[in-house]
Amino acid sequence: MKKLFLLDAMALIYRAHFAFAKTPRITSTGLNTSAVFGFTNTLLEVLRKENPSHLGVAFDTAKPTFRHTRFEAYKAQRQQQPEDITIAIPYVKRLCEALCIPVLIMEGYEADDIIGTLAKKASATGGYEVYMMTPDKDYGQLVEEHVKLYKPAFMGKDVEIMGPKEVCERWGISNVDQVVDLLGLMGDAVDNIPGIPGIGEKTAVKLIAEYGSVENLIANVDQLKGKMAENVRAFAEQGLLSKELALIEQNVPIEFDEKALELCEPNRETLSALLDELEFRTLRKRLLGEEPAPAETPKTAKSKAPTAQMDLFGAAPVAAIATSEVAGQWETTTVRRTVHDTVHDYQLIDTPELRKSLAHYLNLQDAICFDTETTALSAIEADLIGMSFSYRVGEAFYVPVPDNREAALVILEDFRSVFENEAVEKIAQNIKYDLTVLANYGVEVKGKLYDTMLAHYLIEPEKRHNMDILAETYLNYTPVAIEELIGKKGKNQGNMRDVDMEKIKEYAAEDADITLQLKEVLNPVLQQNPKLVSLFETVEMPLARVLAEVEAEGVRLDVGFLKELSQQLDVDLRDTQQRAWELAGQEFNIASPKQLGEILFEKLHLDPKAKKTKTGQYMTGEDVLLGLESKHEIVRKILDFRELQKLKSTYVDALPALLSPRTGRLHTSFNQAVTATGRLSSTNPNLQNIPIRTPRGREIRKAFIARDEDHVILSADYSQIELRIMAAFSGDASMTEAFNQGLDVHRATASKVFHVPLEEVTADMRRKAKTVNFGIIYGVSAFGLSQQVEVSRTEAKELIDNYFREFPAVKEYMDESMAKVRETGYAETILGRRRYLPNINSGNQTDRGYAERNAINAPIQGTAADIMKIAMVKVQDFIRREKLKSRMILTVHDELVFDVHKSELDYLREHVNELMVHALPLSVKMETGMGVGQNWLEAH
DNA sequence: AACCGCTCT
DNA sequence: TTGGGAGAGCGGTTA
């Protein structure tokens, strides 16, 4: 049986383009090659894995198709094709030609019509197994016994091959022809098929299961009720049209030329030139087996181990350890990987002798790279499956760890000396995770730490920092995906324990190897900026250790209290909903902004000029609703409902579910490499957004309690840290003075701006001044300010003008900040943490404005983060040094929270205050606020 | 998956 | 007259 692959170039190009959206591949000449690269990889993967006998690549034409002529609206409002894609298409065509693959184009038809037609023709000959390669779902309609849908691997998902059975199961239909009925109802945003409003996938599947087709559904519309019946009636024609649009043409006047589709030899010259132009170095090497210029292999740190001869297959570590008596027991696998064309040597270390020998050699190194394999994403819950080590590029070792905890501890003992060796630097990607896992097995990792993720965070704070992306960007290498081992996420995700040892070894060892290589590449970049080196070594790396400890400590949660609160909220919620329904005169989903908007503005006509969002929905945000509060009783009910619903679902019900089964406590996870400014973030759960503003929300803080009767919660927060930094950076005399004299800075500001003595400042004046103070930090405009303070635009402008007149240095500082960014391209904190703001020179005023505000905010917010990070490191050092029973348990941007043993309260409070205030002295002094209580609320 | 809305500093 | 202060994460709805 011959094997024919038909590729939908357009769909694959689009997919590749968006897959690389966050970190596009750019050549030295500025050409974005993401789409071409993605497509090429997909194409080569098929050639390698599937070994087709025939292959063709179909494109759309730029000319209008029969769909355009038949349906005017078709693709009318389809968004403009991204420029990078337009540019990519000719390259993809050239690539196909160089690879001797026919390019299938037919004027007036789209790629799917061509593929549909050829698939049917090929299938009719009886000699072909046809695979249509595309991520598009509408191809489902073409599937038959020997014509299959081939969905390429994507974002960790495996390749998926769908025959008629799979397609029908996927959509819950009885016949693949019904795919078009489904699309007719639910529409398809990508292909600009409108469908029927209000019908999504779920509903469409249900309706087609019952009625079989769009036509039959329309004929039986009387059996439907409510909104659904209305929609189907009103949009019946659109539904039929949509179905027709979704139908793929299978009679395109195109010949099925078997000879032309046969695979043939690439044109090496054309291909070589093209790959050079695209700067696809690895691909070039792999396809043509030659390099334009010998690429330099990264060199590892100088090793103390005996250096062995490197042969082509890099058997160095075998020789290196051959001096030991266990030589010969090393099970060496040397694999020449076709995908990456990389030579490596990964070894399985699974006997006591091998482990001891490995540990011996690890202890001789200046630096080692390691990684842990575990059973869970959450480090707190994870069981160790194995560890990998590497100290020379291309060489790595994998040590499996048994399921049984006792046995696991025995193995860890073999490596305790290594982890606790102060003289050996430890390199890892996201090292906090590994520290936590090992700590749970009683192993403390000592010595200098080097986290490649954090190094990259300092180099490129706004990019992504996961290892796979770093490897692709800096090593031009695609590592084995974890999904290849345990499958995609979801209910059927496999357990790493069940995976073949050889595969785990390759995967795990590779991670250590790659991480080591990344350090070799990233560190020189970091070293170019001495301030970043210092920030990395004295702040970020020590902090990673601190965070691991804080996370592992966790917080005690009063579950009984939350349970009661939940029941109370439930009652209140029902009441509020009932009352809102009565006031609306009908039941509706209050949580649906869409339905709510319709009730408020179309049924109750609360605001004739209600604003809509860009997606055509009424805006129903809190500020809008507050403006309507006096118009109708229902508005208050809706605001109440929203508050209750938020509290219940996001906090009261969610938090207890996240308690650790192991410790019974709540362990957040701090992310040290996500924010653009240097702040930390907190997830699973986010403990940095626990309510405090409203009385009812505040209650939730009562659930965060001290560990027992001998402990209390201590909260310590920096007072006005960002404003103090602003005062210090600008050198503004009166603001500095206000702080250094310990005045209420907002009151002092009001006094100046409104020209009244301090004691005559009213509450309202202070409120306005406070808003301006905050607004300034963010680079506010008059309009934005007027919204916040609820004053007229004129008054807001006056306020700002007065402000700048009274605090001229602040104005100067803001201008200087922007000027500096215009000149250098980045904003910088006091410790040299950078944020790149290329849009500061953009012609687009929205983009430029955003960059300008960031030029002001980033150094301030970032410096506050720097200071807090230093304080945390110092405070934790103090707690360790003094061997206190008290623990740091949370950090919320400018606040630290402790679970304090009562006997240590005064001592700790005093030192925490000192360490925070003097963490990084500025010309404006810092102040803290401290509070103590049985729970987090009382501590404020 | 995108959006809307809402929580925090 | 519409763009119109910063940084985050999460739950619910909708398509």
Side-chain angles (χ1 to χ4, degrees), chain A residues 18 185-190 193-204 589-597 611 613-625 638-639 642-643 645-651 653-655 668-671 674-694 697-698 700-701 717-718 720-722 771-788 793 796 800 814 827 835 844-850 852-862 864-865 868 891-895:
Chain A
F18 289 110
L185 292 182
M186 62 193 254
D188 184 353
V190 181
I193 297 173
I196 292 181
I199 299 186
E201 182 183 327
K202 291 277 157 60
T203 320
N589 187 348
I590 306 176
S592 159
K594 189 170 138 66
Q595 293 183 35
L596 177 62
K611 278 193 282 188
T613 67
K614 54 192 162 209
T615 50
Q617 293 204 47
Y618 291 107
M619 297 192 8
T620 62
E622 189 178 8
D623 46 345
V624 175
L625 261 44
I638 288 158
L639 288 165
R642 286 247 179 96
E643 183 186 6
Q645 165 100 354
K646 174 81 176 177
L647 295 177
K648 185 165 189 292
S649 64
T650 309
Y651 305 104
D653 290 345
L655 291 177
T668 184
S669 170
F670 290 107
N671 200 329
V674 284
T675 74
T677 53
R679 273 188 179 177
L680 299 175
S681 83
S682 155
T683 54
N684 294 307
N686 180 353
L687 295 186
Q688 295 186 323
N689 72 347
I690 302 301
I692 194 166
R693 216 183 65 242
T694 68
R698 196 174 297 150
I700 291 166
R701 294 205 170 207
D717 69 306
Y718 279 111
Q720 308 293 356
I721 185 168
E722 293 188 345
T771 313
V772 182
N773 272 333
F774 276 106
I776 295 297
I777 295 173
Y778 302 139
V780 74
S781 68
F783 187 95
L785 190 68
S786 68
Q787 291 283 292
Q788 283 291 308
R793 232 150 134 174
I800 293 180
M814 291 169 66
R835 176 161 185 190
N844 178 326
Q845 70 170 16
T846 309
D847 292 350
R848 193 178 58 246
Y850 187 74
E852 285 172 351
R853 291 192 293 278
N854 276 315
I856 296 163
N857 178 258
I860 297 175
Q861 190 183 116
M868 180 52 112
T891 166
V892 192
H893 306 312
D894 65 2
E895 175 188 11

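Naming: A, B, ... by sequence-line order, numbering from 1 per chain.
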Engineer: Taking only side-chain nitrogens and oxygens of A:Ser681, does any of them come within less than 4.0 Å of OP1 or OP2 of C:dG9?
Structural biologist: yes

Engineer: Under 3.5 Å, is there a donor-acceptor pair between the side chain of A:Arg701 and the main chain of A:Ile690?
Structural biologist: yes

Engineer: Out of curiosity, A:Gln645 CD to A:Ile638 CD1, how far, rounded to the nearest 0.5 Å?
Structural biologist: 13.0 Å

Engineer: Checking side chain to side chain donor-acceptor pair (under 3.5 Å) against A:Thr620, which of A:Gln595, A:Arg642, A:Lys611 comes through?
Structural biologist: A:Arg642

Engineer: Take nucleotides 2-9 of chain B nucleotide by nucleotide from the 5' end and write B, S or -, depending on whether a protein heavy atom sits under 4.0 Å from the base, only from the sugar-phosphate, or from neither.
Structural biologist: -SSBBBSB

Engineer: Roughly how many Å is it from NZ in A:Lys648 to P in C:dG12, rounded to a whole number?
Structural biologist: 9 Å

Engineer: Determine the contact category for A:Asp717: base if any of its heavy atoms lies under 4.0 Å from a base atom, sugar-phosphate if only primed atoms, P, OP1 or OP2 are that close, otherwise nothing.
Structural biologist: nothing

Engineer: Do A:Tyr718 side-chain atoms and A:His893 backbone N/O form a donor-acceptor pair below 3.5 Å?
Structural biologist: no

Engineer: How is A:Ala864 classified with respect to the nucleic acid when contacts are heavy atoms under 4.0 Å: base, sugar-phosphate, or nothing?
Structural biologist: nothing

Engineer: Indicate yes or no for a side-chain donor-acceptor contact from A:Ser682 to the backbone of A:Phe670 under 3.5 Å, with no hydrogens or angles considered.
Structural biologist: no

Engineer: Calculate the interatomic distance between A:Met186 atom CE and C:dT13 atom C1'; express it in whole Å.
Structural biologist: 16 Å

Engineer: From CD1 of A:Ile776 over to C1' of C:dA6, roughly how many Å is that when rounded to an integer?
Structural biologist: 13 Å

Engineer: How about A:Asn671 and A:Thr683: do any of their side-chain heavy atoms sit closer than 4.5 Å?
Structural biologist: no

Engineer: Taking CG from A:Leu655 and P from C:dC10, how many angstroms apart are they, rounded to a whole number?
Structural biologist: 11 Å

Engineer: Atom CD of A:Gln720 to atom C1' of C:dA6: distance rounded to whole Å?
Structural biologist: 16 Å

Engineer: Need one value for A:Tyr850: base, sugar-phosphate or nothing, where a base atom within 4.0 Å counts as base even if backbone is also close, heavy atoms only.
Structural biologist: sugar-phosphate

Engineer: What protein N or O atoms touch nucleotides 2-4 of chain C N or O atoms at under 3.5 angstrom, if any, and at what distances?
Structural biologist:
none

Engineer: Would you mind reporting whether A:Thr675 and A:Leu680 have side-chain heavy atoms less than 4.5 Å apart?
Structural biologist: no

Engineer: Indicate, with a heavy-atom threshold strictly under 4.0 Å, whether A:Arg835 touches base, sugar-phosphate, or nothing.
Structural biologist: sugar-phosphate

Engineer: Looking across every strand, which nucleic acid part, if any, lies under 4.0 Å from A:Asn684 by heavy atom: base, sugar-phosphate, or nothing?
Structural biologist: sugar-phosphate

Engineer: In whole angstrom, give me the gap between the P atoms of B:dA2 and C:dG5.
Structural biologist: 25 Å

Engineer: Nearest-Å distance, CG (A:Leu687) to P (C:dA8)?
Structural biologist: 18 Å

Engineer: Is the number of heavy atoms from other residues, nucleotides or ligands under 6.0 Å of A:Lys594 NZ greater than 12?
Structural biologist: no

Engineer: Is it true that a side-chain atom of A:Asn854 and a backbone atom of A:Tyr850 form a donor plus acceptor pair closer than 3.5 Å?
Structural biologist: yes

Engineer: Nearest whole Å is fine: how far is C:dT14 P from A:Asn589 CG?
Structural biologist: 6 Å

Engineer: Please check if the side chain of A:Thr668 supplies one atom and the backbone of A:Pro685 the other of a donor-acceptor pair under 3.5 Å.
Structural biologist: yes

Engineer: Measuring only the P atom in each nucleotide, how far is B:dG5 from C:dG4? A whole number of Å is fine.
Structural biologist: 15 Å

